[in-house]
Novice: 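Here it is, the structure, as structure tokens.
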Amino acid sequence: MARVRVIGAGPAGTAAAISALQAGAEVDLFEKSRFPRHKVCGEFVSPEATEILEKFGVDWQSAKPAQLRRLMLCFGSRESVGLLPETAYGLSRYVLDALLLNRATGLGGVLHREPGVPCGSTVMATGRHSAAPKGARLFGFKAHFCGPSSDVMALYFQKGGAYVGVNAIEGGMTNVCGLAPEHELAKHSFEVDAYLDGIAPVRERLVGMKRRWNWIRVGPLVFENRFANSAKFTEYYAGDSLSFVDPFTGSGIYSALLTGRMAGRAAAEGESIAEYSNRCKWMLIGPRAVSNVLRVSIRLGIANWAERFIPHPWLFRLTRPRRSLSS
Ligand SMILES: Cc1cc2nc3c(=O)[nH]c(=O)nc-3n(C[C@H](O)[C@H](O)[C@H](O)COP(=O)(O)OP(=O)(O)OC[C@H]3O[C@@H](n4cnc5c(N)ncnc54)[C@H](O)[C@@H]3O)c2cc1C
């Protein structure tokens with residue numbers, strides 16, 4: 001029987017563990033952080049991700065995630081609202097990651113609550129890397145609010161690459177999550193409330209809402225693609241540790257589940273690391289390129305103009321891997 005070691009128990013790591021277990025392998029899963037835990041994330045779960053959760057036998061519906069049917073893009077004072085191509089979901093990482101971890105251990109995966117080191121057939125699902133030059137750094141923040149919620153996934157973009165996402169999650173709560181360059185946050189002494197208060201549409205959206213706990217922050221964030229080095233990989237990389245795309249696409253959890261599932265199966269079945277990495281590369285290359293173009297146009301302040309010509313469902317589909325490429 002194959003023995004697979006998985007390092008990191010976020011969506012990519014638990015997906016790898018579950019798929020390796022489903023393929024008949026024995027799995028050791030290493031996680032260095034306390035679980036369950038809140039994590040800086042928009043908690044927008046792309047519709048395609050729920051298909052993977054179903055295949056894993058994860059009862060995600062029991063958590064009663066919020067249903068998100070519409071997408072609102074806001075550039076300065078211009079807002080445009082459209083239907084999402086399919087219903088998406090708002091589900092906190094506190095709940096989602098715990099559901100996935102419970103499923104992995106329920107299937108027989110052995111959880112080690114300690115940092116893991118690669119050894120033998122190993123899936124690396126350790127998340128993104130954080131090195132970035134001072135001055136050019138982006139920081140993420142998040143908090144849950146109570147108050148009126150809706151089925152709109154609202155994205156408020158700012159020049160310079162900053163954005164704030166507001167969407168409902170389970171339990172009638174609303175997640176407010178964003179990222180901003182450090183020089184913008186520094187203008188407000190790194191106080192997220194003060195920073196958001198300076199963005200009129202966000203300020204208006206948060207009227208009547210009450211923050212439930214202190215902001216949690218993360219950073220610096222680096223959008224990274226490790227495929228240039230993939231020929232040298234000695235482990236199966238999955239999730240953000242393989243490729244971290246701009247979070248405003250809301251496709252990170254889906255990509256993590258997808259590549260995690262592929263990595264777990266590849267490791268259990270002994271597919272070569274080079275072949276596995278190559279399959280991931282071709283699956284992620286398109287969405288990554290589109291996300292990069294969008295990021296540059298947001299930074300230059302021309303996304304507002306370009307967005308009028310691209311229907312929302314196209315934007316949505318072009319920024320995520322195609323389901324058919326994952327098998
Ligand atoms: C501001 C922001 C907003 C986002 N919003 C969304 C969104 O709305 N929708 C969406 O789909 N995606 C979103 N994302 C992206 C999403 O959060 C990530 O793509 C996703 O978490 C990737 O999962 P992962 O398993 O690869 O990594 P992670 O979730 O980071 O998990 C990695 C795990 O590995 C553990 N670990 C690391 N090193 C070790 C070690 N040596 N030993 C043991 N354990 C280790 C860590 O403790 C961690 O638990 C957002 C990201 C950011 C920054």
Side-chain angles (χ1 to χ4, degrees), residues 5-17 28-50 52 68 71 88-94 96-98 100-101 104 111-119 122-130 138-143 153-155 161-169 175-180 192 215-224 226 235 237-261 263-264 284 287 291 319-321:
R5 174 178 280 240
V6 179
I7 307 184
T14 46
D28 287 298
L29 176 59
F30 292 81
E31 173 54 56
K32 64 177 185 177
S33 305
R34 193 171 48 87
F35 259 61
R37 44 88 175 105
H38 288 289
K39 185 161 178 99
V40 174
C41 180
E43 303 181 331
F44 173 89
V45 180
S46 205
E48 308 88 341
T50 62
I52 301 180
L68 304 170
L71 174 65
Y89 295 90
L91 182 59
S92 69
R93 292 293 297 274
Y94 192 87
L96 176 66
D97 290 15
L100 280 158
L101 183 57
L111 175 64
H112 305 267
R113 293 187 179 272
E114 60 191 79
V117 284
C119 173
T122 304
V123 175
M124 292 296 280
T126 47
R128 59 186 173 74
H129 307 95
S130 299
L138 287 168
F139 287 87
F141 50 85
K142 153 182 147 173
M153 168 72 236
L155 285 172
Y163 86 89
V164 181
V166 180
N167 56 275
I169 56 167
N175 182 354
V176 179
C177 175
L179 57 88
V192 178
W215 292 101
I216 52 172
R217 301 150 210 257
V218 71
L221 302 172
V222 184
F223 304 118
E224 194 180 27
R226 306 188 78 227
E235 285 86 32
Y237 279 87
D240 279 2
S241 65
L242 177 68
S243 167
F244 177 55
V245 290
D246 203 308
F248 74 77
T249 61
S251 63
I253 297 170
Y254 169 50
S255 296
L257 291 173
L258 201 55
T259 53
R261 183 176 67 160
L284 298 174
S291 304
T319 50
R320 53 209 71 229

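We count ligands from 1, going down the list as the structure has it; atoms in each ligand are counted the same way. In this chain, numbering begins with 1 at the start of the sequence shown. Bear in mind that the values here come from a model prediction, so they are computed numbers and not experimental data. Every heavy atom of this structure was used, including side-chain atoms; hydrogens, water molecules and symmetry mates were not.
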Novice: Rounded to the nearest 0.5 Å, what separation is found between the CZ atom of Arg5 and the NE2 atom of His112?
Specialist: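 Nearest 0.5 Å value for the CZ-NE2 distance: 7.0 Å.
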
Novice: Indicate whether any N or O donor in one side chain lies under 3.5 Å from an N or O acceptor in the other, for Arg320 and Ser46.
Specialist: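 There is such a pair between these side chains.
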
Novice: Under 3.5 Å, is there a donor on one side chain and an acceptor on the other for Thr50 and Glu48?
Specialist: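 Checked: Thr50/Glu48 side chains show no N/O donor-acceptor pair below 3.5 Å.
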
Novice: Check Arg93, Lys142, His38 against Glu43 for a side-chain hydrogen bond (donor to acceptor under 3.5 Å, both in side chains) and give me the one that passes.
Specialist: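 Single side-chain hydrogen bond (donor to acceptor under 3.5 Å, both in side chains) partner of Glu43 among Arg93, Lys142, His38: Lys142.
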
Novice: Would you check the N or O atoms of Phe44, main chain and side chain alike, for any that come under 3.5 Å of an N or O of ligand 1?
Specialist: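 Between Phe44 and ligand 1 (N or O atoms, distance only) the closest approach is under 3.5 Å.
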
Novice: Go through ligand 1 atom by atom and flag the ones less than 4.0 Å from a non-hydrogen atom of Ser33.
Specialist: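 In order of numbering, the contacting atoms are 47 (O).
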
Novice: Out of the candidates Ser243, Pro321, Pro11, Pro287, only one should pair with Ser255 under the side-chain contact (heavy atoms from CB on, under 4.5 Å) rule; please name it.
Specialist: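 Single pass found, and it is Pro321.
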
Novice: Record the part of Ala256 in heavy-atom contact with ligand 1 below 4.0 Å; permitted values are side chain, backbone, both and neither.
Specialist: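 Ala256 to ligand 1: side-chain contact only, backbone stays beyond 4.0 Å.
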
Novice: Is the shortest N/O to N/O distance between Ile253 and ligand 1 below 3.5 Å?
Specialist: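 Among all N and O atoms of Ile253, at least one is under 3.5 Å from an N or O of ligand 1.
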
Novice: In the protein, what heavy atom is nearest to atom 48 (C) of ligand 1, and what distance, to one decimal place, separates them?
Specialist: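 For this ligand atom, the closest protein heavy atom is Glu31 OE1, 3.6 Å.
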
Novice: Could you tell me whether Asp97 and ligand 1 have an N or O pair separated by under 3.5 Å?
Specialist: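 So ligand 1 has no N or O lying under 3.5 Å from an N or O of Asp97.
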
Novice: Looking at Cys177, which atoms of ligand 1 are within less than 4.0 Å of one of its heavy atoms?
Specialist: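 Under 4.0 Å from Cys177, ligand 1 has these atoms: 1 (C), 3 (C).
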
Novice: Side chain or backbone of Ala49 under 4.0 Å from ligand 1, or both, or neither, by non-hydrogen atoms?
Specialist: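 Within the 4.0 Å criterion, Ala49 makes no contact with ligand 1.
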
Novice: Distance to the ring centre below 6.0 angstrom and angle to the axis at most 45 degrees; does that hold for Arg128 and Phe244?
Specialist: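 So Arg128 does make the cation-pi contact.
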
Novice: Ligand 1 and Ala238, any nitrogen or oxygen pair closer than 3.5 angstrom?
Specialist: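 Not met; the criterion fails.
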
Novice: Tell me the contacting part of Phe139 for ligand 1: side chain, backbone, both, or neither, using a 4.0 Å heavy-atom threshold, strictly below.
Specialist: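 The answer is neither; Phe139 stays 4.0 Å or more away.
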
Novice: With a cut-off of 4.0 Å, which atoms of ligand 1 are near a heavy atom of Gly239?
Specialist: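 Once the distances to Gly239 are compared, the set is 26 (O).
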
